[in-house]
Amino acid sequence: MKFAEDFLIGASTAAHQVEGNNIHSDYWAQEQMPHSSFTEPSGDACDHYNRYEEDIKLMAEAGLNAYRFSVEWARIEPEEGVYDAEETEHYRKVIACCRKYGIEPIVTLHHFTSPVWLIRKGGWEAESTIEDFRRYASYIAKELGSELNYICTINEANMGLQLAAIAKRFRLMAEQAQKASKAEGTVQVGMNFEKMMENMKYAAQENAQVFGTPQPQIFVSSRTPEGDLLVMRAHRAAVEAVKAECPHIKTGLTLSMHDLQALPGGEAFEEAAWDEEFRHYLPYIQDDDFLGVQNYTRTQYGPQGQLPAPEGAELTQMNYEYYPEGLEHVIRRVHEDFKGDLIVTENGIATSDDTRRVAFIETALAGVQKCIADGIPVKGYCHWSLMDNFEWQKGYEMTFGLIAVNRETQERTPKPSLAYLGSFR
Ligand code: BGC
C-alpha cells in the first residue's frame with residue numbers, strides 16, 4: 001500500500017560514515033591511534049563528499065523523496081570560532097542537489113562526530129559545549145536555513161546513557177569471565193567493547209596526547225547524569241538559535257529507542273529502562289516540532305533483568321535480534337507521551353542478504369501504516385542506510401545499505417531493497 005503524497009520516504013546517512021577524510025574530527029583522531037578500538041579507519045569512506053550527486057540521483061530514480069544527512073561540525077568549524085566558507089558552500093551544493101532531484105533534505109547538525117577542539121575543551125561533559133553548539137547551529141541556520149524545512153539538532157541524544165549502562169553490564173560480565181561479546185549485541189550502534197577494554201591502558205596515553213586528557217568525553221562516551229542533561233540543554237539552545245534565524249524550520253532531535261518488552265516478572269526493569277531511554281527527556285523535547293524515532297530491534301526483560309535474544313532467534317550482522325515489528329511498537333509507545341509529529345529518522349538491518357532487508361522494510365512499513373491509520377502523526381520514514389558505509393568501530397563489515405559500494409572502485413550498485421522502498425510512493 002502506498003503512503004499519502006506528502007509522506008516523506010527516504011534514506012539516512014551521517015557525514016563521517018559516508019563522506020571520507022573527516023580529518024578535523026574526534027573520530028578520525030581516534031581511528032589513527034595505535035591502540036584504536038576501531039577495526040579499521042574510515043579513510044575515504046564512500047567518497048560521498050565527491051559523489052553525492054550520483055547518490056542523490058539514485059535515490060530519486062528509485063522514487064524516494066527525502067534524504068536525511070548530517071553536516072559535519074568539524075568541517076564547518078575546524079578551529080574554534082573559525083568557520084570554513086568552502087565547506088559551507090559544499091553543503092549548500094548538496095542541499096541544492098536534493099532540490100534539483102525533488103528530494104526533501106533533512107539535515108542533522110550533530111551525528112556523533114565533533115571537532116577535536118571541542119573535545120579538548122571537555123567535550124560533552126563541559127558547560128561551554130552548550131554555547132559552542134548554539135553558535136554553530138546559529139551559523140548553519142543563517143547560512144543554509146533559507147533552503148531547509150527540517151533540522152535534527154542531535155542524533156541519538158540518549159546514546160551516552162545507553163552506553164553507560166552497557167559498559168557497566170559489560171564490565172560485570174567481563175569480571176565474571178563470561179562470554180563478553182554477548183553484552184555488546186544489544187546496543188544499536190557499532191561498538192567493540194572487548195577490544196576497547198583490552199586497549200584501555202594504552203588508549204589513555206594516546207588520548208592524552210591528542211585530546212589533552214586520558215578520558216576524552218566524545219559524544220559516544222558513557223555519559224554522567226549531568227552530561228546526559230547537558231546534551232538536552234545543548235539541544236534547546238540549538239533549537240532557539242535556529243528558530244531565531246529561521247522560524248519556518250521544523251526542529252527536533254532523534255532518540256535511539258529499543259522496543260522494550262517485559263516478560264512476567266520483568267515489568268519494573270522494563271519501566272525503568274523506558275524512563276531512562278525516553279520519558280525523562282520529555283521536559284526538553286515536549287515543545288519540539290517533531291521527534292526523530294530510531295529503532296533497530298527489541299529488548300526483553302525477565303525477573304532478573306535484561307535477557308539475551310530468544311533461543312534460535314535470527315540475528316543481524318550486529319548480533320542483535322531481527323525484529324522489524326519493533327518500529328510499530330516504539331511509535332505507539334512514544335505517542336502515549338509525545339503528541340507532536342514523529343519522523344522515523346532511522347530503521348534498518350545489517351545483513352548480506354538483501355531479501356531479509358526487503359522483508360524487514362515490508363514489516364516495518366506495514367507497522368507505520370497501521371499507526372497512521374490509528375491517527376498517530378507519523379510524517380516520514382528514512383531507512384538506515386542509503387549505502388553500505390563506515391559502521392563506526394565495526395568498520396565496513398556491517399552492510400546496512402540500500403546501495404552496495406565497492407570499496408576498491410567506489411562503484412555503486414543499488415540493491416533490490418532500494419526500489420522496493422521507493423515503491424511505497
Ligand atoms: C546511528 C548510526 C548507525 C546505526 C546502525 C545508529 O545508532 O545513528 O550512525 O550507523 O545506528 O548501527
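Both ligands and their constituent atoms are indexed starting at 1 by order of listing. Given the structure is predicted, the values throughout are model-derived calculations rather than measurements.
Residue Gln17 places a heavy atom less than 4.0 Å from ligand 1.
Tyr322 and Phe360 have perpendicular rings, their planes meeting at more than 60° on a 0 to 90° scale where under 30° would count as parallel.
Proximity to Asn155 (heavy-atom distance under 4.0 Å) selects the following atoms of ligand 1: 8 (O).
The residue from Glu19, Gln17, Glu31 that alone fulfils the side-chain hydrogen bond (donor to acceptor under 3.5 Å, both in side chains) condition with Ser42 is Glu31.
Both the sub-6.0 Å distance and the 45° axial angle are not jointly satisfied by Arg425 relative to the ring of Phe3.
When the heavy-atom distances from atom 5 (C) of ligand 1 to Phe390, Phe400, Trp392 are ranked, the shortest goes to Phe400. Taking each of Met318, His111, Glu346, Lys394 in turn, the one with a heavy atom nearest to atom 9 (O) of ligand 1 proves to be His111.
Counting heavy atoms from C-beta on, the side chains of Glu53 and Lys100 come closer than 4.5 Å.
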